[in-house]
Every structure is written in structure tokens, then in C-alpha cells.
Amino acid sequence: MTTQPLPHPGARPGPRFTMSPELRRAVTLTALTLAGLLVGLTGQYLLHLPALQWAGYVTAFLAGGIPAGREALHSLFVERKLDVDLLMVLAALGAASIGQAADGAILLFLFSLSNTLQDWAMGRTSSAIQALMNLNPEGATVRRDGVEKWCELGEIRIGDLLVVRPGERVAADARVVRGQTSVDESPITGESVPVDKAPGAELASGTVNLNGSVEAEVLRPAGESTLARLVTLMEQAQTQKSRTESLTERWESPYAMTVLLAVPAVYALLRFGFSLNVDDAWYRAMTFMVVASPCAVVISTPAVMLSAMAAAARGGVLFKSSAAVEALAGVRTVAFDKTGTLTQARMTLTAVHADDEGQALALAAGLEAHSEHPIAQAIVTAARDRGVTPRTVTDAQAIPGHGIEARLPDGQVAWAGNVRLAQRRGATLSAAQHSALADLGARGSSSVIVGVGPRVTGVMGVADALRPDIRPALDALKASGVTHRVMLTGDREEVARTVAAEVGLSEFRAGLLPEDKLRLIGELPGPVAMVGDGVNDAPALARADLGVAVASGTDVAIESADVVLMRSDLGKLAGAVRLARDARRTVVTNLLFAFGVILIVAPLAVAGKVPLPLGVLAHEGGTVFVVFMGLRLLRHRV
């Protein structure tokens, strides 16, 4: 069986949104609750048809109340605790018992909507892990006992020889025993420049072989590989991220318990303490329950967060949940990946040191036109952009780990590559050329030496290009209140130092593996936001208080992140921080108002000073106020 052709390593399908059966069911029930509410209101106030009115309200109560009721009973009898689900259902039934079914239906719809949004946000965990697993090939060509055959991933054993051809992903951690090649390690380490591999070098699972065919001895089975370790890190990071959920759960049960205990206490006090008849006592107790039901409290946060999310989306910033908005508002530290985040993950010619730069570039472009290496393509692109015509060469031959050679029309051998290739051609570099190489190395650029025979005609530098306007974007982020910014990268120290200086970052960490980034996220002053684009960033994106991905990144990063910069524009991040902080202030205002209404009106309802219509007016008026406060955020520009 032969290997199936793989897509080009740089190719990546766009992010896809798939709805799980559970989420689809939640959306359907929420929509049905809303439909029932609208039908009931139409029958009650517009058409004055009791049959239509009650058909609508019964539908809303069933669609919105049954799921919440099931959760409430599960919490009550299995987890032995009271929660807001139970309070919502009882408040809705209490409203219906005193003739306010519409109020109960509204309550159930808002609660159903909140739960659906939460389900949608949490459902991305499995999608992120699945996207990570998709980096594994279905299997590999293995030479075992002298016989070459196709093996499924689970059949690969320690000691097998993997035959890895150009364009294929490495199926398991292995060590090269035969052949030379260059490997794209960016999915695992974030290293922007392809890494040359010769016998003795290790290959990590999930990386991509770029040119030469190699044979490599398997060191670890697929279940214990680098990629499998990434999956484990992802799962651990996802389960650790629950600060907001923990805070909500801590207050949910005491609030529900307080209100539920207060309702019969109010009834008993009025019935037996103040000698009210059964109807009056029940009327006041139910009015108290309706007023005390946290309708405005429940909608306070969603109304604000949904408006903030809509305003952000209009500006190209996608928040995956309201919790992400809340988290961004409190961020103190932002950690940036380098490759593909601060840079474009695209090699660019940065320097040409030669007596005649045009001729040196023409020769280099003529040679590198016969190579698919990213550095070669950067030189060819630079020549085209500068209007330089590549020289004609023949008999081009790639020399793995060295560079490329070819013949000029006059029969001389032209070459372009590293120092090892220059030494192989017997070339001697001048003092100026040695200085240029040292300068390029100090700045983290990859160097290409170009020559004819034993003569060096030029030295060129190629590096990963920075994103346009990246420094003003980071300055704006600092001005928004995020003063601690740090770069975390798998690249070399020299590259990291150069990039950090160019973008204005005073702090960076280099040579990091995924587990190193994960550890550092926990050590930085929190709350921490991580901005990344690659597979190697996924665990850190999931572990951070907030994960931010650029849309040009991998599916895994996009699935793992809480926020996606849809235009890959980091300049939008500062505006998103300001929007999130405005949203947080609005939420606090809304909650103070909503609880204030409850604290003032509820005692008056018990005292009989607030009849049911006025209680409903206060209740719904509070809801309208907090919704209006949220809607004003739609005017915000990111």
C-alpha cells in the first residue's frame, strides 16, 4: 500500500464551525422558548385569543423549563446542592400561579439563552484536541526485517525504520540513520527556519519533511510521541481553566438557597404573623418571588457581553464567549509567540553584502529558482520585487545540508549555500564578508553565501519578516494599560533578541518547547493572555487566563484560543482591551442596579406596598435598563 499524497505543509483549510448534537439541541430549545413566548404575547395582547396565548406560554414553559428542571433535580438529588436552575423554574411557576405567565416565560428564555451560550463556549475543547490529533498521518511507510510496507499508526514499533519522503509528516519520534533533509519544525517548536537533518539527528512526530528522503529509527511509539504529549498538555490545560466558572458556582447555591427559604418564610410570616388570609399571603409571597427572581441579574452580564462581542466582531476581533471578554478586562500580562504572531512566518531577504548587489542577487535568484526551500524562495521573490532578472543556469543540483550548485553558460560552477558549501568549493571569505556573516548571525538572520568557483560574490541575509505596524500595535497595547509584555518563542536566542528589540519588547524567553511555554504561563504575573498562531502554542493558549490567536494561524491554535484576531491585526488587541474593560465596568453597574432593585422592592412587596403590576414594572424596568446599558457598547470602535 502506498502513502496518500499530503497537502503542502503551508496549506491549511480555514477554520470550520461544527455544531455538536448537544449544542444543536440547546439552540433548538432556546429558539422554541422564544417562539412560544412571542406566540403567547401575541395571543394575549394583540389578538386576545386565550387558546393561542396559553399554547404559546405552555410551549415556552416546556422548552425552557424542562432542561433547567432536569439540571435542577440532578443537582438536588445527585450533587446534593441547590442551584439557580431550580430557583428559575420555581420563580417561573410562581409567576404563572398569580397570573403572570409572560413574566415566567421571559425568565425561562433568558436563562435558556445564557446556558446555550455557555454550552457553545465549552464545546470547543473537544474540537481543539481533535484538530491537534489531525496532525498525525494515518500511518507511515516502515522498513521492518528488510521489507518495506505501510503500517497504521498504532502498528509502528520502537526500532522500526520510518521511510519519510518529501512532503510527508513524521509519524513518530525517530532518529535519522540514512539520508539528509530539511524539516519544518514550526508545528512543534515554533522554529521559523527549516532545520537541516543528517544521520544522528532526531525527528519529532508531527513535523514535515521538506526535501530529501530519509530513513529514521523509531524511538517512541506514537502513543508516547511529541504530538501525543501535546494532546495531553491540551487536555490538562483545558481542565485547569475554570476561574470564572468556579466563582459563579460558589455564589450560585447560597443565593438560590436564600431565596427559596425566604419564600415560605414570607408566606408563613404573613399568614400566621400578620393574620392575612391565604390568598393575600400567597399573592404577596409570589410577588416577592417574582421580584426577587434574578431576571435583571441574569441578563446583566449577557446583555453587556453580547453587545461587546458584537462590537468587537465588527472590528475584526472574535470573542468566543462572554467569559473571554471578562478575562481580557483583567489581563495584566500579555505573552506573545514570535513566529507567525509578531512575524509573518514568511522568510524575506533582509541584507545583501556584495560589490555589485544586483549581479549577486541575479546569480542567487537564478540558482535558488531551482529550490523549493523557504530561504530560496525568499531570494527569488526579492529579485522579482526589485526587478532583477535571474541569471540562467543549468544542471542545478541540491546538496542537502549545504545548498545548491549549477553551471553557468561559460561552464563555471555557481553555488549558493552555507559556510560548509563555501569550504567545499574552496572559497575564501574576505574580512568584510566574515564581518557581514557575524553581523547577520548576531541579528538572528540566516545567511546565504553566493559564489562562482572559488570566488565569493556576495553574502545575503534572510529572516522572518515582522508584521506591518507591529511596534505601534504593541505600544498601543501598553497605552491601554497592559504594561507587562513578554515574547515566548522556540527560536534561537539571537533571533529572539533581535526581534524583541525591533518591536520594542524588553523581555523575552527563547528556545522554548511547548511544555516550557506552558510552565512560564503559570509563572508570569497574572491574569495572563497568550497570543499565538501555531500548534506549539495550543497548550499555552488553553492554559492562559485568555488565549488569543491570529486568524492566519493553525486550526489548533484557533480552536484553542478564546479570542481570534480575524484579520491577523495585532493593532486591534489594544482596542479590544479597552472595550473589555468598559464592558466590565458596565457589568458592575448593572449588577449593583439589579440587586438594588431586589433589595428595595422585595421588602416593599412583602409589606404589601408594591402590588404585583408595580412589582412586575420594577422587575421588567430593571431588565430594560440593564439591556440598554449593554446595547450602548455597540457604538464602541475597536
Side-chain angles (χ1 to χ4, degrees), residues 19-44 53-76 82-97 100-124 244-245 248-249 251-253 255-256 259-260 289-290 292-307 309-310 320-323 587 590-591 594 616 619-620 622-624 626-627 630-631:
M19 191 179 296
S20 67
E22 293 79 9
L23 180 57
R24 189 179 297 110
R25 183 167 55 251
V27 170
T28 300
L29 289 173
T30 299
L32 194 58
T33 305
L34 176 60
L37 170 61
L38 295 177
V39 169
L41 292 173
T42 301
Q44 182 175 2
Q53 168 189 337
W54 287 111
Y57 289 151
V58 168
T59 300
F61 269 67
L62 292 177
I66 289 179
R70 291 177 59 185
E71 290 294 328
L73 292 176
H74 180 271
S75 297
L76 184 61
L82 296 173
D83 58 15
V84 172
D85 293 86
L86 181 59
L87 180 59
M88 283 293 186
V89 173
L90 293 179
L93 293 175
S97 73
Q100 294 296 327
D103 195 55
I106 291 172
L107 203 63
L108 291 174
F109 165 67
L110 294 173
F111 195 58
S112 177
L113 177 62
S114 175
N115 285 336
T116 298
L117 291 174
Q118 182 180 4
D119 291 342
W120 173 67
M122 295 302 294
R124 60 191 167 83
T244 302
E245 290 82 359
T248 301
E249 290 177 0
W251 288 101
E252 181 179 6
S253 187
Y255 183 84
V259 174
L260 289 175
M289 173 172 268
V290 171
S293 66
C295 189
V297 174
V298 169
I299 199 62
S300 290
T301 300
V304 174
M305 295 305 179
L306 288 174
S307 297
M309 291 165 69
K320 292 187 177 181
S321 68
S322 58
V587 166
N590 280 357
L591 289 176
V616 171
H619 184 256
E620 299 303 330
T623 303
V624 171
V626 299
V627 169
L631 291 178

Query raised in the report: V89 and A68: which non-hydrogen atoms are nearest, and at how many Å?
Result: CG2-CB, 3.9 Å
Report task. Check side-chain contact (heavy atoms from CB on, under 4.5 Å) between L62 and all other residues, then give those that pass, not counting sequence neighbours. Result -> V58, I66
Query - Contact summary for L41 and A102, nearest pair of heavy atoms - result: CD2-CB, 3.9 Å
**Report entry** P67 versus L29, closest heavy-atom pair with distance
**Finding:** CG-CD1, 3.4 Å
**Report entry** T30: side-chain contact (heavy atoms from CB on, under 4.5 Å) partners, not counting sequence neighbours
**Finding:** F109, S112, L113, T116
Requested in this report: To the nearest 0.5 Å, tell me how far T42 OG1 sits from L37 CG.
Outcome: 9.0 Å
Requested in this report: With sequence neighbours excluded, give me every side-chain hydrogen bond (donor to acceptor under 3.5 Å, both in side chains) pair touching residues 56-67.
Outcome: Q44-Y57
Requested in this report: Taking all heavy atoms of W54 and all of A101, pick out the closest pair and write down the distance.
Outcome: CZ3-CB, 3.9 Å
**Report entry** Residue pair A105 / A60: nearest heavy atoms and the distance that separates them
**Finding:** CB-CB, 4.0 Å
